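If you're wondering where the values come from, they're calculated on a predicted model, not measured in any experiment.
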Amino acid sequence: RGSLSFIRPTNRSVLVYVRQYQGDVLLCVANLSRSAQAAEIDLSPWRGRTPLELLGNKDFPPIGDRPYVVTLAPYGFFWFQLCENIEKRADALSIAPELETLVVTDGWPSLLQSRSKQILESDVLPGFLSSHRWFAERGSSGVQARIAATIPLKAGDPGTVLTLVEATGKRETSTYLLPLTVKWQRFDRSQRNPNVLAAVRRGPREGVMLDVTADAEFISVVLDKVRAAETIEAGNLRLEFRPVGEFPALGPVTAETVRAVNAEQSNTTALVGSDYVVKLFRRRDRGINPEIEIGRFLTETASFANTPALLGAVQLIENDEPSAIAVVHRFVENQGDAWGATTACLDRYVEEQRLLPADSSSESQEQGAYLRLMGHVGKRLAEMQLALASRADVADFAPEPITPDDLKAWAGATLERANRLFEELPKRRAGMSEADRELTDKLLHYAERLPALVNAMLPESIAAMKIRHHGDFHLGQMLM
């Protein structure tokens with residue numbers, strides 16, 4: 001009786017499904033791997049409910065706005081009932097950290113002047129930045145912060161602004177992007193919200209200042225402005241929202257359809273239903289952003305169908321120099337990435353070999369399946385490289401002939417890297433096992449002969465073309 005629905009976590013080794021009948025909701029989470037696994041599960045339809053673990057009759061933390069994280073032992077599972085209105089035990093309550101209180105009298109100008117600005121820069125922003133993983137010096141103390149500029153995004157009470165914060169740590173000074181707003185609601189100290197910066201007061205009215213990067217209202221503002229190709233001027237800064245091609249008019253953006261993705265280290269990404277992927281670049285990097293440049297080329301110029309289409313981009317222009325603020329891609333249904341598929345295949349292969357008799361000569365089914373998968377991956381990669389080299393009339397992407405100087409430079413770079421390795425290996429030899437020392441000695445034997453071997457492998461010239469280096473690309477960036 002009832003319904004059965006599957007939820008796709010980012011970890012393909014974890015199976016998640018929900019059974020529902022009338023008002024009862026049962027959640028089953030199973031680890032299909034021989035190793036411990038963690039999974040982030042989108043339980044937003046049951047926000048506010050408390051998972052009750054049925055075998056041990058124990059309450060788990062309530063479901064909030066963020067993906068629900070579950071850790072499972074090898075081949076472990078959980079069987080939850082998602083309950084409403086469960087009394088919170090006193091010992092489960094945690095004391096929220098004290099928040100600085102800012103006084104607002106006349107919108108954002110009053111928050112960014114005199115005493116309130118001083119409190120923000122000295123007492124609020126350093127701790128907020130260092131507590132987030134997209135901050136380059138996360139966890140460090142002694143961070144100094146300065147509000148460099150604010151750009152109004154939406155009018156209101158007091159509205160939403162894009163704040164540029166200049167942060168100086170022990171290693172560097174960088175500018176970070178924080179879309180901020182004030183919500184007039186009393187802060188619940190029993191709920192730890194990592195997006196809260198400070199308490200706000202205006203007379204008897206209480207509220208909180210929030211980083212709204214993955215907030216439905218902010219995402220809706222960004223999508224609307226990209227669709228309308230708006231431009232916002234603020235002093236010597238210009239914020240440009242631009243669609244790529246005809247921006248699709250898809251479903252409405254609501255709190256139920258927006259979900260933050262916590263996989264990335266340096267940016268913040270939000271999924272909007274099954275329509276959009278919106279990524280905000282947290283750190284400002286000046287110059288042409290390759291994700292925008294290459295995405296626009298593959299979408300508009302090469303019409304390459306096997307990458308998520310770039311739908312729009314947001315850039316900050318200062319002195320005619322762009323800085324990427326956000327990108328919008330079309331969402332592509334997937335079962336995880338190629339790296340996750342690789343690790344899962346290795347798990348299954350090891351388990352398969354462990355169960356086979358020592359004298360078994362049968363071919364591995366897992367190995368054959370993985371080779372077919374990698375063949376498909378290689379085909380898609382080749383197709384993308386051909387697409388990137390398909391337009392000789394576009395100067396920034398035009399292929400060029402490989403010259404003898406290119407071959408010499410590539411060989412020289414290879415030998416330079418090898419020489420650094422040969423210099424480092426003897427220093428580490430003493431700490432190696434006997435077997436590793438033998439392998440190291442064999443490798444060091446080729447140190448003097450390596451230049452001749454490398455040069456012998458390369459012809460003096462080659463009738464082939466080269467294209468520019470397009471940035472980092474690995475199995476973790478390939479959707480399955």
Side-chain angles (χ1 to χ4, degrees), residues 134 151 153 160 162 164 174-179 211-232 237-250 253 257-318 321-334 337 384 387-388 396-397 470-474 476-479:
W134 41 258
I151 302 174
L153 297 178
T160 303
L162 179 66
L164 279 63
S174 299
T175 300
Y176 288 84
L177 308 170
L178 298 177
D211 174 353
V212 289
T213 309
D215 182 83
E217 187 174 340
F218 169 71
I219 296 295
S220 181
V221 168
V222 171
L223 294 177
D224 288 344
K225 291 184 181 300
V226 169
R227 185 180 291 109
E230 287 191 23
T231 298
I232 299 176
L237 300 176
R238 186 171 75 252
L239 195 60
E240 295 183 348
F241 299 80
R242 296 292 182 266
V244 174
E246 185 176 351
F247 196 89
L250 302 176
V253 180
T257 61
V258 176
R259 177 169 66 89
V261 178
N262 299 314
E264 294 186 272
Q265 295 292 327
S266 56
N267 308 304
T268 299
T269 299
L271 304 182
V272 184
S274 58
D275 299 325
Y276 309 105
V277 180
V278 182
K279 177 195 288 185
L280 178 80
F281 297 99
R282 284 297 194 167
R283 185 162 65 174
R284 181 184 181 186
D285 290 321
R286 298 174 185 269
I288 297 174
N289 180 276
E291 187 166 353
I292 297 176
E293 182 191 24
I294 297 172
R296 180 176 281 120
F297 178 84
L298 290 174
T299 301
E300 284 191 316
T301 307
S303 299
F304 184 61
N306 290 309
T307 56
L310 179 68
L311 300 179
V314 184
Q315 297 190 93
L316 180 67
I317 312 297
E318 183 178 16
E321 184 179 40
S323 301
I325 302 299
V327 289
V328 183
H329 287 92
R330 184 180 288 278
F331 177 79
V332 175
E333 289 284 354
N334 64 88
D337 56 55
M384 185 179 72
L388 290 169
D396 289 335
F397 289 85
H470 291 100
D472 182 33
F473 186 72
H474 52 75
Q477 295 172 330
M478 296 193 71
L479 297 178

Considering residues at least two apart in sequence or located in another chain, which fulfil the salt bridge (charged side-chain N to carboxylate O under 4.0 Å, His left out) criterion with Arg284?
Glu318

Side-chain touch Ile292/Ile288, heavy atoms, less than 4.5 angstrom:
no

How far apart are the C-alpha atoms of Leu310 and His329, what are their side-chain angles, what is the distance that settles it, and do they pass the side chain to side chain contact (heavy atoms under 4.5 Å, CB included) test?
CA-CA 5 Å; Leu310 179 68; His329 287 92; 3.6 Å; yes

Side chain to side chain contact (heavy atoms under 4.5 Å, CB included) with Leu177: of Thr268, Ile151, Leu164, only one passes, and it is Leu164

Looking only at heavy atoms, the pair that brings Ala302 and Ala387 closest together is CB-O, 3.9 Å

Close side-chain approach of Thr301 and Phe397, heavy atoms under 4.5 Å
no

Mind checking whether Leu223 and Val278 have side chains closer than 4.5 Å, heavy atoms only?
yes

At what distance, to the nearest 0.5 angstrom, does CZ of Arg259 lie from OG1 of Thr269?
11.0 Å

Close side-chain approach of Val328 and Phe247, heavy atoms under 4.5 Å:
yes

Indicate yes or no: at least one non-hydrogen side-chain atom of Phe281 is less than 4.5 angstrom from one of Leu316.
no

Within 6.0 Å of CG in Leu479, more than 12 heavy atoms from elsewhere
yes

Evaluate side chain to side chain contact (heavy atoms under 4.5 Å, CB included) for Leu280 paired with Asn267, printing each intermediate quantity in order.
CA-CA 6 Å; Leu280 178 80; Asn267 308 304; over 6 Å; no

Between atom CD1 of Ile294 and atom CE of Met384, what is the distance when rounded to the nearest 0.5 Å?
8.5 Å

Can you name the nearest heavy-atom pair linking Glu300 to Gly245, along with the distance?
OE2-N, 3.2 Å

Once you round to the nearest 0.5 Å, how far does OG of Ser323 lie from CD1 of Ile317?
7.5 Å

Find the distance between CZ (Arg330) and CG (Asp275) and round it off to the nearest 0.5 Å.
7.5 Å

Between Arg242 and Ala229, what is the shortest heavy-atom contact and its length?
NH1-O, 3.2 Å

Output every pair passing side chain to side chain donor-acceptor pair (under 3.5 Å) with a member in residues 211-226, not counting sequence neighbours, ordered by first then second residue.
Lys154-Glu217, Lys183-Asp215, Asp211-Thr213, Asp211-Arg282, Thr213-Arg282, Asp224-Arg227, Lys225-Glu230

Going by heavy atoms in the side chains, are Leu153 and Phe218 under 4.5 Å from each other?
yes

Flag side-chain contact, heavy atom, 4.5 Å: Glu333 against Phe331
yes

Qualifying residue, where the test is side chain to side chain contact (heavy atoms under 4.5 Å, CB included) with Glu240 and the options are Thr231, Ile325, Ile232
Thr231

Beyond-backbone contact of Leu271 with Val277, side-chain heavy atoms, under 4.5 angstrom
yes

Can you confirm whether Gln477 is buried at CD, in the sense that more than 12 heavy atoms of other residues, nucleotides or ligands lie under 6.0 Å from that atom?
yes

Quick check for you: to the nearest 0.5 Å, what is the distance between Leu162 atom CG and Leu239 atom CG?
6.5 Å

